[in-house]
Amino acid sequence: MAFVLGKFSSNLSPKCNSALINFIRNGHHLRGKPPGVARSLKQRLQEINYKDPSLHFRVDIGLPAPAVSRSKQLQERLKVLKALRKNPDLEKLARNKKLLIDLEEANNVWLKTSGLYHVKAIADHYGVFEHLFGDAYFLPVVSLKLYFNKDNVQHPVYYGNVIKPADASNKPEVHYESDDKTLWTLIMTNPDGHFTQQDKEYVHWFVGNIPGNKIEKGETIVDYLQPIPPKGTGYHRHIFILYKQEKKLDFSDFKKPGKCLNLEDRTFSTLDFYRERQDDLTPGGLAFFQADWDRSLTDFYHNTLNVKEPIFEYDFPGPYIRPQEWFAKRRPFNLYMDKYRDPKQINKEFLMRKLKNVHPFKAPPPPLPFPNAIYFEGYVPSWLKLEKQKSRMKWGRINDIE
Amino acid sequence: MFKLPSIPRICRGFCTQTSANLPISENFVNRNPRNLERMRIGYKPDGYHLEKPGRCYWHKLNLRKTGRYIYATIDHFENGTVVKASTSEWALKKQLYKCRDTSAFYNLGRVLAERCLKFGLIEIRSDIVPPKPDGKVAQFLQALQEGGVVLQEPPQFKPARPWDQLRLEKPWEVTE
């Protein structure tokens, strides 16, 4: 009602509303527009993030999805369903809650039907197409199966599962269905790990002109390099893309001799690569995994790549500190002033205080069982008492130097 | 808009064995949109104070039942539905006797768990409370858990401010 009342009073002359003025409460204004008129945060965000579909649309660059005759499919399916319904054993199992479907078969059927779209959705969720192809996408029509073998254990690559670098040290086994007359290209890249250019990728494996699905008969353009996510940078996507070739292609520009352990030479951009050859290449298969740092990588950086191991730390945005006031009322002066001092200076003071009691040659005294039971000599103001108690208990800023 | 910048700051490691240095730019950006969520430092909405809880998640499990089928989805707070499974899919329907009975719920849970693991989503928030302790929904949740999905998400890690009492351990530095 506050805004209605405000309107009312503005229409009245100052003389006659002197009685009304007493009823206007100035402390309780309705801030902003009234509910119903004002937009919610969700609506505002939607407006900010709105993208014009005539400008921001995506193009399908992949192989066409397998065409199926709907009526035929329906007929076949109805037949199967009828048979299922007449199966008394299945009914019994279902009734006794013991019916367990074959997951492997379900998975195979899924990959050929709705699975294509589900995999595309999860690849979008992981930003795969956005970072590799920009405004293009494709359906993974060719189901690509990859396994890393390590100590007789298979580590399959799906669509975003985590594989440790130690398990992916050797090149994977690759399986897909194709006839022998076709030619294929398989490229594995990491779009998250480039040390110098953020929008570039490292190519980890590049095999071109693969006849059919015989990967070992293909031409190895860049040799396999295991995932090398540096410590502290989290999970890196490693993406395998299988392209179908229209003809035999010459990849000599990308050819790297030997093991190619210089990372700069492995700089790659899928978008540029694809743009130049889009008439001859069509992406058809997709698989990717995530890898994060593990202990085996220290050794790999030192002994194989012969470089220092880089270690990163996440740079958090600093805390919000509001502008300083001349008269900060009802706030403890020491805590308030500390917020506006140089944190390095504060840490230095803590360190100096600590070093005063440190003897260079003697062992430090054992920690006290009840640190707060020490008597304060003479008069100590309460704020200083609290500061000392905090330091003894190792609370607050003292943690920055410990 | 609310995303934290994913710019880890570099600190050079100490290593005496080798001499060469990698050319590294000062800021390293991991472009993986799921990385910060997995490291537990990505933005996670808190929801509103007086609201019924249920908005605070990265990935959330939803279950929808219709007269014939059941539909289970995993929703992301920004990207919407990212994983789907339903008994109306031919892959499941082909092997089930009925698409809404208890064994359908149980098998749907198994299939969804398998897909979640394949897609690298292991921890998922679930607000579903089964109406009966051994009913259909409970069977579905049990199958998900047996499949290896954890129906709980860790809280977002927020860095300690200088005046905070304690410095919590950083989750990504715990490797063992």
Side-chain angles (χ1 to χ4, degrees), chain A residues 45 48 77 80 84 90-91 93-94 97 99-103 106-107 109-110 113-114 118 121-122 125-127 131 158-162 191-192 195-196 198 232-237 263-264 290 302 306-317 319 335 338-339 343 395-397 399-400, chain B residues 1 4-5 7-13 15 17-18 20-25 28-36 38-39 41 76 79 81-84 89-98 101-103 106-107 110-111 114-115 117-120 159 161-167 172 175:
Chain A
L45 283 176
I48 291 169
R77 288 185 177 184
V80 176
L84 281 181
L90 196 71
E91 191 269 342
L93 280 175
K97 303 175 188 174
L99 175 62
L100 295 178
I101 61 168
D102 181 7
L103 286 179
N107 182 45
V109 177
W110 172 68
T113 52
S114 53
H118 292 190
I122 199 75
H125 186 48
Y126 277 97
H131 291 146
Y158 297 116
Y159 312 97
N161 56 326
V162 173
D192 302 324
F195 283 122
T196 46
Q198 285 167 15
T233 57
Y235 294 81
H236 292 211
R237 295 163 291 172
L263 291 178
E264 277 301 298
Q290 299 185 84
H302 290 173
N306 286 323
V307 288
K308 284 182 185 172
E309 190 194 9
I311 295 171
F312 294 84
E313 199 166 327
Y314 186 70
D315 187 18
F316 282 102
L335 302 184
D338 272 356
K339 279 192 185 175
W395 288 350
R397 290 182 186 265
N399 283 306
D400 291 339
Chain B
M1 188 173 177
L4 294 169
I7 309 166
R9 183 180 285 163
I10 183 166
C11 345
R12 302 255 172 192
C15 164
Q17 294 171 359
T18 50
N21 241 332
L22 277 170
I24 295 177
S25 65
F28 183 97
V29 178
N30 186 340
R31 290 192 287 170
N32 184 355
R34 302 283 77 79
N35 173 42
L36 291 185
R38 199 150 181 149
M39 285 172 85
I41 46 183
H76 184 254
N79 294 352
T81 301
V82 290
V83 186
K84 283 190 244 176
E89 284 171 25
W90 181 239
L92 275 87
K93 203 176 172 182
K94 199 182 161 187
Q95 298 188 50
L96 289 173
Y97 183 73
K98 274 192 174 176
D101 60 354
T102 309
S103 52
Y106 187 74
N107 283 308
R110 286 172 70 212
V111 170
E114 197 199 8
R115 286 183 196 171
L117 295 197
K118 281 185 178 177
F119 293 165
R161 294 162 299 179
W163 51 89
D164 279 352
Q165 188 187 31
L166 300 170
R167 304 287 182 271
W172 60 91
T175 48

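Quick note on labels: first sequence line is chain A, next is B, and so on, each numbered from 1.
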Ionic contact status for A:K97 with B:D101, cut-off 4.0 Å:
no
Distance-minimising heavy-atom pair for [X] and [Y]:
X      : Y      : answer
A:Y235 : B:R38  : CE1-CG, 3.6 Å
A:P319 : B:R161 : CB-CG, 3.8 Å
B:A91  : A:V109 : CA-CG1, 3.8 Å
A:I101 : B:L92  : CD1-CG, 4.3 Å
B:N32  : A:D192 : N-OD1, 3.2 Å
B:N79  : A:H125 : ND2-ND1, 2.9 Å

I'd like to know which of A:T113, A:L99, A:N107 tops the heavy-atom pair count under 4.5 Å against chain B.
A:L99
From [X] [atom1] over to [Y] [atom2], what is the distance, rounded to the nearest 0.5 angstrom?
X      : Y      : atom1 : atom2 : result
A:Q290 : B:N35  : CD    : CG    : 8.0 Å
B:M39  : A:T233 : CE    : OG1   : 7.5 Å
A:L90  : B:Q95  : CG    : CD    : 9.5 Å
A:R237 : B:R31  : CZ    : CZ    : 6.5 Å
B:E114 : A:Y158 : CD    : OH    : 7.0 Å
A:E313 : B:W172 : CD    : CH2   : 7.5 Å

May I ask you to decide if the ring planes of A:Y159 and B:F119 are parallel, tilted or perpendicular, using 30° and 60° as cut-offs?
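Ring orientation of A:Y159 relative to B:F119: perpendicular.
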Worked check of side chain to side chain contact (heavy atoms under 4.5 Å, CB included) between A:H118 and B:E89:
CA-CA 12 Å; A:H118 292 190; B:E89 284 171 25; 3.4 Å; yes
Can you find a pair of side-chain heavy atoms, one from [X] and one from [Y], that are under 4.5 Å apart?
X      : Y      : value
B:V111 : A:L103 : yes
B:Y97  : A:L93  : no
B:R167 : A:D400 : yes
B:K93  : A:L84  : no
B:I41  : A:Y314 : yes
B:F28  : A:P310 : no

Quick check on [X] against chain B: is it the side chain, the backbone, both or neither that has a heavy atom closer than 4.5 Å?
X      : value
A:D102 : both
A:P343 : neither
A:S114 : side chain

Run the numbers on B:I24 and A:T196 for side chain to side chain contact (heavy atoms under 4.5 Å, CB included), then give the verdict.
CA-CA 5 Å; B:I24 295 177; A:T196 46; 5.9 Å; no
What part of [X] gets closer than 4.5 Å to chain A, counting heavy atoms only: side chain, backbone, both or neither?
X      : value
B:Y106 : side chain
B:V83  : side chain
B:D164 : backbone

Which one wins on heavy-atom pair count under 4.5 Å against chain A: B:R34, B:K94, B:K84?
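Most pairs with chain A among the choices: B:R34.
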Candidate pair A:N161 and B:L117, rule side chain to side chain contact (heavy atoms under 4.5 Å, CB included), full reasoning
CA-CA 7 Å; A:N161 56 326; B:L117 295 197; over 6 Å; no
Would one find more than 12 heavy atoms of other residues, nucleotides or ligands at under 6.0 Å from atom CH2 of A:W395?
no
